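All figures in this text were calculated on a predicted structure; none of them were measured in a lab. Convention: sequence-line order gives letters A, B, ...; per-chain numbering from 1.
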Amino acid sequence: MHFIRQIIADDLRTGKHGGTVTTRFPPEPNGYLHIGHAKAICLDFGMALENNGTCHLRMDDTNPVKEDIEYTESIKEDVRWLGFDWGEHFYHASDYFEQMYDLACDLIREGKAYVCELTSAQWTDYRGIPTQPGKESPWRNRTPAENLDLFQRMRAGEFPDGAKVLRAKIDMASPNLHMRDPVLYRILHAPHPHAGDKWCIYPMYDYAHPIEDAIEKITHSLCTLEFEVHRPLYDWVIQNCHLFPSRQIEFARLSLTYTVMSKRKLLELVQNNLVNGWDDPRLPTLSGLRRRGVPPAAIRDFCERVGITKYDSLTDVALLDHCIRDHLNRTAPRTMAVLDPLRVIIENPADLPPAITGTRNPEDPDAGERTIPISPELLIEREDFSENPPPKYFRLSPGATVRIRNAGFLTCTSTEKDANGNLTAVRATFTPMDAKLKVKATIHWVSAAHAKPVQVRLYDRLFTIPEPDADKDTDFKTHLNPHSLQTITAHVEPDLLNAQSGDTFQFERLGYFTADPDSQPNAPVFNRTTPLKDSWKPA
RNA sequence: UGCCCGAUGGUGUAACGGUAGCACAUCAGACUCUGGAUCUGUGAGUCUAGGUUCAAAUCCUAGUCGGGCAACCA
């Protein structure tokens, strides 16, 4: 039971808001969503869902110069993909601009806001510093009538950008800088991506957000920790504008090892072509995770396991990987693929069965079976053969017998080498499965005659250290992992040619692989979603 | 050195004054037609110092350490 669940439970018990719960996820449409947003989305929608409430999706579009309508669609797509439904409740903060303006006029009439003509540079001086109180603006005591006139003319476009702002009249001596006459409105002669060219003054977040929440009767306005110091201002707006008493509650944002989460840094990676776009499978963006093949259910599970606190934590990506495997293990059909092939020549081909049957998914009896072709020449993983095996090496080695998945057993009789002494093939005899030999390992394989070559992209963590952006004096990009993407040609069961973009398979003993959108008919491209755990290590 | 917030095994969390538990990671074993999965087990924790109390991770005070706040960003 995390603290926000607790607060909501208490509110429900005391009958606050008539026992209703309404939350909202309010992204600014100025970038792509990442797994940190997923934590917020799961919380916002989750709290509503759990309590028979409603969660709104709202574009917090109060700054037209930073925002673009193109982001709105990707945000909607990502939220939907994650598995949440806002129903009718899709809103834009900019749809409330008229109400915000009226409320500002009321504040002016009540002497609680004034038009200030100090430049932002001058204001730096007036505002003061945390340890010292600020000074009052010379424009602080204009009459409501004068302020109202000026504010109306600001809206009418009589003044250039930056010439004037509307400020709340609060307390220039407040130890909380946000309460020292904060800006409510600034002049921005810029068209708005959603509201069009109706406005040239735009409300600031601190003023707009509580109004948006109140208009929508949000009961629990959940946001991240950095807004904690803004809460007194949030409450001030609610109170002084006489609004629905939405309550802001802050929780810690998600940090993950071996990646970066800030929009700025992600943008930097994309713009410098250090990754291939916003949906690069190495990125923690939702579009990247989707492309990598991460199931949304795994992300939801992960977000639940991470929990909600006010402690600034750093979550190990291993937990995300675990959630991904946990889900895929139950759902992904099995197949065999060889990434780094070594030829095996079977010396007794007459003993080979005509075809092999394999289970699609041992974890799911309903998944059925598949037919696997076999021929006298097989491809196995180079790693699965060792000429001089280390202790406890259970795979193929001269004279040793190993099971080959679904088919039978192989006993290595000899090796073939080229002029330079490099291993080129292994010769082996085949023993049918009925023999039930006691062996300690099973290796995967494909029939050389039937295997199809496909492109496989092996992704690894994007950075080499757990906290690439921990040191402020070092560019986080210096910690990029040069081997985060390796593209190879793998040899797969012929069936796999039918894979459609988004299909995920377990390549047995290797990992989970998902067909990329780059896939063409009969030419799928696979992304490694995550490797399987491998407890083998040489002694 | 102003204000706000926080601190529980390696990591993430639970315990609402009454036996510090769970998960991931680690290591060991069992089982297995994936050295996967599954199962079992091991090790490891309440920041410090005072106080309140029969009893403190929990309440109080101080300190230490960490984070946030001085955009006409959100």
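Using a 4.0 Å heavy-atom criterion, one finds that A:Glu28 contacts the sugar-phosphate atoms exclusively. In this structure, A:Asp534 reaches the sugar-phosphate backbone alone: every heavy-atom distance under 4.0 Å involves primed, P, OP1 or OP2 atoms, never a base. Among the atoms of the strands shown, base atoms are found under 4.0 Å from some heavy atom of A:Phe227. Nucleic acid contact for A:Val183: sugar-phosphate only, since backbone atoms but no base atoms lie under 4.0 Å from a heavy atom of the residue. Residue A:Pro362 is in base contact, counting any heavy-atom pair closer than 4.0 Å across all strands shown. Residue contacts for A:Arg180: at a heavy-atom cut-off of 4.0 Å it reaches no nucleic acid atom on any strand shown. If you check every strand for non-hydrogen atoms under 4.0 Å, A:Phe302 touches nothing. Residue A:Leu118 is classed as a base contact, given a heavy-atom separation below 4.0 Å to a base.
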One character per nucleotide, please: for nucleotides 1-14 of chain B, 5' to 3', B when the base has a protein heavy atom closer than 4.0 Å, S when only the sugar-phosphate does, - otherwise. SBS-SSS---SSSS
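At least one side-chain nitrogen or oxygen of A:Arg509 sits closer than 4.0 Å to the OP1 or OP2 atom of B:G35. In terms of phosphate contacts, A:Thr62 brings no side-chain nitrogen or oxygen within less than 4.0 Å of OP1 or OP2 of B:C73. Regarding contacts with the backbone of B:A74, a side-chain N or O of A:Arg186 is found under 4.0 angstrom from either OP1 or OP2.
There is no side-chain donor-acceptor pair under 3.5 Å between A:Ser397 and A:Ser386. A:Glu250 and A:Gln248 share a donor-acceptor pair across their side chains, judged by distance under 3.5 Å alone. Checked by atom type, the side-chain pair A:Asp60/A:His92 shows no donor-acceptor distance below 3.5 Å. For the residue pair A:Arg167/A:Ser137, the side-chain donor-acceptor check at 3.5 Å is not satisfied. A side-chain N or O of A:Glu28 and one of A:Asn30 form a donor-acceptor pair less than 3.5 Å apart. For the residue pair A:His444 / A:Arg405, no side-chain donor-acceptor distance below 3.5 Å is found, with atom types taken as modelled. For A:Asp61 and A:Ser94, the side-chain atoms include at least one donor-acceptor pair closer than 3.5 Å. In the model, A:Thr224 has no side-chain atom that pairs as donor or acceptor with a side-chain atom of A:Arg253 under 3.5 Å.
In this structure, A:Tyr205 has its ring center closer than 6.0 angstrom to the ring center of A:Phe227. A ring-centre distance under 6.0 Å is found for A:His192 and A:Phe97.
For the P atoms, the distance from B:G36 to B:C27 is 12 Å, rounded to whole Å. If you take atom P in B:C73 and the same atom in B:U61, they sit 39 Å apart, rounded to whole Å. Of the C1' atoms belonging to B:A15 and B:G45, the separation is 14 Å, rounded to the nearest Å. Look at the C1' atom in both B:G21 and B:A74: the space between them is 39 Å, to the nearest Å. Between B:U64 and B:C24, the distance separating the two P atoms is 39 Å to the nearest Å. A gap of 26 Å separates the P atoms of B:U46 and B:U53, to the nearest Å. Rounded to whole Å, the C1' atom of B:U32 lies 38 Å from the corresponding atom of B:U8. Look at the C1' atom in both B:A49 and B:U11: the space between them is 28 Å, to the nearest Å.
Separating the CG atom of A:Asp326 from the P atom of B:G36 is a distance of 15 Å, rounded to the nearest angstrom. Spacing between atom CG of A:Leu532 and atom C1' of B:U34 amounts to 7 Å, rounded to whole angstrom units. Distance CD1 (A:Ile187) to C1' (B:C72): 9 Å, rounded to an integer number of Å. For the pair A:Arg405 CZ and B:A37 C1', the computed distance is 11 Å after rounding to whole Å. As rounded to whole Å, 22 Å separates atom P of B:G36 from atom NE2 of A:His327. The interatomic distance linking A:Trp536 (CH2) with B:G35 (P) rounds to 12 Å, in whole Å. Straight-line distance from the NZ atom of A:Lys440 to the C1' atom of B:U34: 16 Å, rounded to whole Å. A straight line from CD of A:Glu304 to P of B:A23 spans 15 Å, rounded to a whole angstrom.
Toward the 5′ end of RNA chain B lies the nearest nucleotide of A:Ile404, the other residue of the pair A:Thr119 and A:Ile404 mapping further downstream. In this structure, A:Gly128 and A:Arg334 both approach RNA chain B, and ranking their closest nucleotides by distance from the 5' end singles out A:Arg334.
In terms of polar N and O atoms assigned as donor or acceptor, the side chain of A:His178 never comes within less than 3.5 Å of the base of B:A71 in a complementary pairing. Side-chain atoms of A:Glu250 and base atoms of B:G68 include no donor and acceptor less than 3.5 Å apart.
For the strand RNA chain B, secondary-structure stems (runs of at least three Watson-Crick or G-U pairs, all distances below 3.5 Å) span B:2-7 with B:64-69, B:10-13 with B:21-24, B:27-30 with B:38-41, B:47-51 with B:59-63.
In this structure, A:Arg403 fails the cation-pi test against A:Phe409, since its NZ or CZ atom is not both closer than 6.0 Å to the six-membered ring centre and inside 45 degrees of the ring normal.
In this structure, A:Tyr234 and A:His209 have tilted ring planes: the angle between them lies in the 30° to 60° band. Classification of the A:Tyr91-A:Tyr96 ring pair by plane angle, with boundaries at 30° and 60°, yields tilted.
For A:Met204, the side-chain atoms get nearest to B:A74 when compared with the rest of B:A37, B:C24, B:A74. The side chain of A:Arg403 approaches B:C33 more closely than any other nucleotide in the set B:G35, B:C33, B:A74. The A:Glu67 side chain lies nearest to B:A74 when the options are B:A74, B:A28, B:U34.
For B:A28, the base adopts the anti conformation, since its glycosidic angle falls more than 90 degrees from zero.
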